[in-house]
Amino acid sequence: MDGTKEVLGLRNVSSHCSISEMDDYDLSKLLDKPRLNIERQRSFDERSLSELSIGLTRGGVDNYESTYSPGGRSGFDTPVSSTRNSFEPHPMVAEAWEALRRSLVYFRGQPVGTIAAYDHASEEVLNYDQVFVRDFVPSALAFLMNGEPDIVKNFLLKTLQLQGWEKRIDRFKLGEGAMPASFKVLHDPVRKTDTIIADFGESAIGRVAPVDSGFWWIILLRAYTKSTGDLSLAETPECQKGMRLILALCLSEGFDTFPTLLCADGCSMIDRRMGIYGYPIEIQALFFMALRCALSLLKHDAEGKEFIERIVKRLHALSYHMRSYFWLDFQQLNDIYRYKTEEYSHTAVNKFNVIPDSIPDWVFDFMPIRGGYFIGNVSPARMDFRWFALGNCVAILSSLATPEQSMAIMDLIEARWEELVGEMPLKIAYPAIESHEWRIVTGCDPKNTRWSYHNGGSWPVLLWMLTAACIKTGRPQIARRAIDLAEARMLKDCWPEYYDGKLGRYIGKQARKYQTWSIAGYLVAKMMLEDPSHLGMISLEEDKQMKPVIRRSSSWNC
């Protein structure tokens with residue numbers, strides 16, 4: 001590939017090919033536009049959490065979305081937020097920053113991401129030495145909060161460049177807008193060249209392309225824009241086109257009668273078979289959030305307006321569908337328990353023909369009188385009643401959940417703390433599936449045994465999402481309690497990827513050490529709790545026009 005010069009988007013190669021000497025499309029080429037410095041009114045004074053929490057009510061804090069959290073580094077290993085407030089930095093913070101910086105990946109001398117893990121004690125490297133799109137998000141937020149946006153800009157541009165490749169897997173061409181799951185930088189010390197190899201799913205276990213990468217890319221582009229006040233990156237023709245290509249993939253019309261997005265098992269953070277085929281909550285929440293982020297970033301030109309109109313229509317339908325059919329609380333569970341079946345016509349109450357006998361026994365004991373959550377999946381004749389942490393936290397942050405539903409999710413976490421948090425935050429899914437069901441659903445997956453990995457394992461990276469959701473709902477004490485649990489173990493355990501067991505007491509049987517997003521997730525949670533104005537880059541306020549008429553949860557009738 002030496003000396004080959006191609007125009008972005010016109011490469012007729014498979015995704016196994018690499019970028020080596022593409023000097024005509026260097027990262028800096030997209031940065032010619034003048035930087036726009038936008039002054040925004042901060043919603044918070046730079047106060048300590050103890051002062052701030054006095055003003056946090058159970059109804060949450062208004063208008064986080066408008067907050068602007070500019071950086072400005074205070075030192076090599078010291079997050080800038082620690083110097084703004086009266087907090088005494090925990091000894092883990094400096095260790096975490098040092099570990100995060102060791103994970104940086106460079107392409108031609110510029111940092112472009114962080115590897116998934118650098119567990120040198122592990123014999124199997126697999127793909128943990130690659131930069132994953134979803135894994136880099138907490139790293140990116142940590143750098144943005146610490147006033148180091150350049151690495152995030154480089155990452156956004158490099159992945160955008162990879163999107164332009166023609167992607168083929170076993171002679172089958174993927175959609176033009178698909179973003180890679182990950183990429184790897186190869187350094188040739190002899191020829192003094194750097195090469196990038198991307199994975200769009202053709203190397204993944206199970207050969208499943210990621211659906212969430214494109215959504216995370218749009219969400220991160222907005223986070224960069226909100227953090228820096230710099231609109232020039234998002235407004236480049238290349239970024240605008242990148243967003244439109246992602247949106248074209250997920251907004252395409254077909255035979256589906258639901259506004260939700262049909263997905264395969266293994267297409268998201270839960271990247272192995274776990275019975276989430278259909279309309280998993282994680283993807284629907286990320287889809288909703290990405291649509292709202294794109295709505296704020298797309299230009300109102302001829303091409304942009306067409307997508308804006310399609311987004312608005314889809315958001316209205318999607319919010320109604322999710323808030324009405326995916327939401328479960330005590331009252332709704334009681335209604336499903338009494339469902340009639342084989343109903344026909346528009347007057348049907350049991351619209352998906354769910355058989356009440358299919359409700360698992362554990363749900364009745366798990367559901368508190370006060371509390372609720374978005375269940376894992378809804379499709380014809382099937383409701384997956386499992387709790388999935390990421391989808392529910394993103395639902396709060398994106399305002400897919402109404403304020404009342406957001407408070408009910410927090411009520412559930414408090415009421416079922418031992419089951420959902422235990423001794424290490426946070427359970428990725430609850431409960432674990434086991435025995436015959438485990439064999440059928442997972443295909444006897446030895447990594448997804450009960451209370452391990454994706455099957456009820458505890459993932460420290462989810463700490464940052466829980467913290468953000470807690471701050472948005474005015475419940476910072478929940479986040480503080482979870483962070484205290486993490487600080488008691490994570491550094492001593494060398495930052496594991498995940499923990500096993502019903503309470504998350506044991507380091508995962510195949511967990512990598514020094515997992516980068518475990519490190520970054522902790523840093524983001526700490527900085528956000530110390531300076532809640534950071535929440536503005538990852539939170540969206542409720543759109544009043546999308547509020548459907550739904551039955552009120554028993555959570556807020558008490």
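Here, residue 1 is the first one in the sequence, and each next residue gets the next number.
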Query raised in the report: Between Phe136 and Phe155, how do the two ring planes meet: parallel, tilted or perpendicular, split at 30° and 60°?
Result: tilted
Query raised in the report: For Cys470 and Met410, what are the C-alpha separation, side-chain angles and deciding distance, and is it a side-chain contact (heavy atoms from CB on, under 4.5 Å)?
Result: CA-CA 7 Å; Cys470 289; Met410 288 292 116; 4.0 Å; yes
Query raised in the report: Leu462 versus Ile428: any side-chain heavy-atom pair under 4.5 Å?
Result: yes
Query raised in the report: Which atoms form the tightest heavy-atom contact between Asn154 and Pro111, and what is the distance?
Result: ND2-O, 3.0 Å
Requested in this report: With Arg481 as the cation and Trp417 as the aromatic partner, state whether NZ or CZ is under 6.0 Å from the six-membered ring centre and within 45° of the axis.
Outcome: yes
Query raised in the report: Cut-off 3.5 Å, side chains only: do Ser452 and Asp500 have a donor facing an acceptor?
Result: yes
Query - Smallest separation among heavy atoms of Pro138 and Val461, with atom names - result: CG-CG2, 4.1 Å
Query raised in the report: Quick one: are the ring centres of Tyr118 and Tyr514 less than 6.0 Å apart?
Result: yes
Requested in this report: Ignoring hydrogens and angles, tell me if any N or O in the side chain of Glu418 forms a donor-acceptor pair with the backbone of Leu503 under 3.5 Å.
Outcome: no
Query raised in the report: Would you find a donor on one side and an acceptor on the other, under 3.5 Å apart, between the side chain of Arg489 and the backbone of Arg505?
Result: yes
Query raised in the report: Looking just at side-chain N and O atoms, do Glu542 and Ser399 make a donor-acceptor pair shorter than 3.5 Å?
Result: no
Report task. Kindly compute the distance separating SG (Cys393) from CG (Leu426), expressed to the nearest 0.5 Å. Result -> 6.0 Å
Query raised in the report: Any side-chain heavy-atom pair from Leu333 and Ile359 closer than 4.5 angstrom?
Result: yes
Query raised in the report: Do the non-hydrogen side-chain atoms of His534 and Leu141 ever get within less than 4.5 Å of each other?
Result: no
Report task. For Thr516 and Ile115, indicate whether the former's side chain and the latter's backbone hold a donor-acceptor pair under 3.5 Å. Result -> yes
Query raised in the report: Among Val378, Leu412, Val363, which one satisfies side chain to side chain contact (heavy atoms under 4.5 Å, CB included) with Leu328?
Result: Val363
Report task. For side chain to side chain donor-acceptor pair (under 3.5 Å), just list the numbers for Ser139 and Trp517, CA-CA rounded to whole Å, side-chain angles, deciding distance to a tenth of an Å, and then say yes or no. Result -> CA-CA 7 Å; Ser139 295; Trp517 69 353; over 6 Å; no
Requested in this report: Measure from the ring center of Tyr337 to the ring center of Phe364 and say whether it is less than 6.0 Å.
Outcome: yes
Report task. Flag the pair Ile336 / Pro356 as yes when at least one side-chain heavy-atom distance between them is below 4.5 Å, and no otherwise. Result -> no
Query - For Glu419, all residues meeting salt bridge (Lys or Arg N to Asp or Glu O under 4.0 Å), sequence neighbours excluded - result: none
Requested in this report: If the plane angle is over 60° it's perpendicular, under 30° parallel, otherwise tilted; pick one for Phe258 and Phe352.
Outcome: perpendicular
Requested in this report: Give a yes or no on whether the backbone of Ile276 and the side-chain of Asn377 come within a donor-acceptor separation of less than 3.5 Å.
Outcome: yes
Report task. Just do the salt bridge (Lys or Arg N to Asp or Glu O under 4.0 Å) check on Arg475 and Glu414 with the steps written out, would you? Result -> CA-CA 10 Å; Arg475 313 276 274 272; Glu414 284 196 299; 2.8 Å; yes
Report task. Would you tell me whether Asp445 and His454 have side-chain atoms, one donor and one acceptor, within less than 3.5 Å of each other? Result -> no
Query raised in the report: Are Met274 and Thr442 close enough, and set up right, to give a side-chain contact (heavy atoms from CB on, under 4.5 Å), and what steps lead you there?
Result: CA-CA 5 Å; Met274 264 290 286; Thr442 74; 4.2 Å; yes
Query raised in the report: Sub-3.5 Å donor-acceptor pair from the side chain of Arg134 to the main-chain atoms of Ser268, do we have one?
Result: yes
Query raised in the report: Counting distance only, does the side-chain N/O of Arg386 pair as donor-acceptor with the main-chain N or O of Pro431 below 3.5 Å?
Result: no
Query - Ring center gap for Trp459 and Tyr499 short of 6.0 angstrom - result: no
Query - Flag if over 12 foreign heavy atoms under 6.0 Å of CZ, Arg450 - result: no
Query raised in the report: Do Tyr498 and Gln515 have side-chain atoms, one donor and one acceptor, less than 3.5 Å apart?
Result: no
Query raised in the report: Can Asp411 and Arg416 be counted as an ion pair, charged N to O under 4.0 angstrom?
Result: no
Query raised in the report: For Lys502, does the NZ atom have more than 12 heavy-atom neighbours from other residues, nucleotides or ligands under 6.0 Å away?
Result: no
Query - Side-chain heavy atoms of Thr114 within contact of Val131, under 4.5 Å - result: no
Query - Donor-acceptor contact present, side-chain Arg292 to main-chain Glu541, <3.5 Å - result: yes
Report task. List the steps, then state whether side-chain contact (heavy atoms from CB on, under 4.5 Å) holds for Leu540 with Leu397. Result -> CA-CA 6 Å; Leu540 293 155; Leu397 295 177; over 6 Å; no
Query raised in the report: Would the Phe388 and Tyr430 ring centres measure less than 6.0 Å apart?
Result: no
Query raised in the report: Is there a side-chain contact between Met145 and Ser227 (heavy atoms, below 4.5 Å)?
Result: no
Report task. Please answer whether the main-chain N or O of Glu148 pairs with a side-chain N or O of Asn146 as donor and acceptor at a distance below 3.5 Å. Result -> no
**Report entry** Tyr522 side chain to Glu487 side chain, donor-acceptor N/O pair below 3.5 angstrom
**Finding:** yes
Query raised in the report: If you measure from CH2 on Trp438 to CD1 on Ile433, what distance do you get to the nearest 0.5 Å?
Result: 9.5 Å
**Report entry** Main-chain N/O of Tyr320 paired to Ser324 side chain as donor or acceptor, under 3.5 Å
**Finding:** yes
**Report entry** Heavy-atom closest contact (Ala142 atom, Trp97 atom, distance)
**Finding:** O-CH2, 3.5 Å
Query raised in the report: Of the options Tyr279, Phe288, Trp327, Phe385, which is the one that meets Phe374 in a ring pair (Phe, Tyr, Trp, His ring centres under 6.0 Å)?
Result: Trp327
Query raised in the report: Yes or no on side-chain contact (heavy atoms from CB on, under 4.5 Å) for Val133 and Thr159, after CA distance, side-chain angles and deciding distance?
Result: CA-CA 8 Å; Val133 172; Thr159 45; 4.2 Å; yes
Query raised in the report: Are a donor atom and an acceptor atom from the side chains of Thr449 and Lys509 found within less than 3.5 Å of each other?
Result: yes
Requested in this report: Grab the two heavy atoms, one from Phe326 and one from Ile281, that are nearest each other, plus how far apart they are.
Outcome: CD2-CD1, 4.4 Å
Query raised in the report: Which pair of heavy atoms, one from Met528 and one from Ile538, lies closest together, and at what distance?
Result: CE-CG2, 4.4 Å
Query - Within-4.5 Å side-chain heavy-atom neighbours: Tyr373 and Ile375 - result: yes
Query raised in the report: Taking side chain as C-beta onward, heavy atoms only, is Leu485 less than 4.5 Å from Met424?
Result: no
Query - Closest non-hydrogen atom pair, Thr467 against Ala525 - result: OG1-CB, 3.4 Å
Query raised in the report: Got a donor-acceptor contact below 3.5 angstrom from the Ser296 side chain to the Cys293 backbone?
Result: yes
Report task. I would like to know whether Arg512 and Glu497 meet salt bridge (Lys or Arg N to Asp or Glu O under 4.0 Å); could you show each step before the answer? Result -> CA-CA 5 Å; Arg512 294 302 192 278; Glu497 179 183 16; 5.4 Å; no
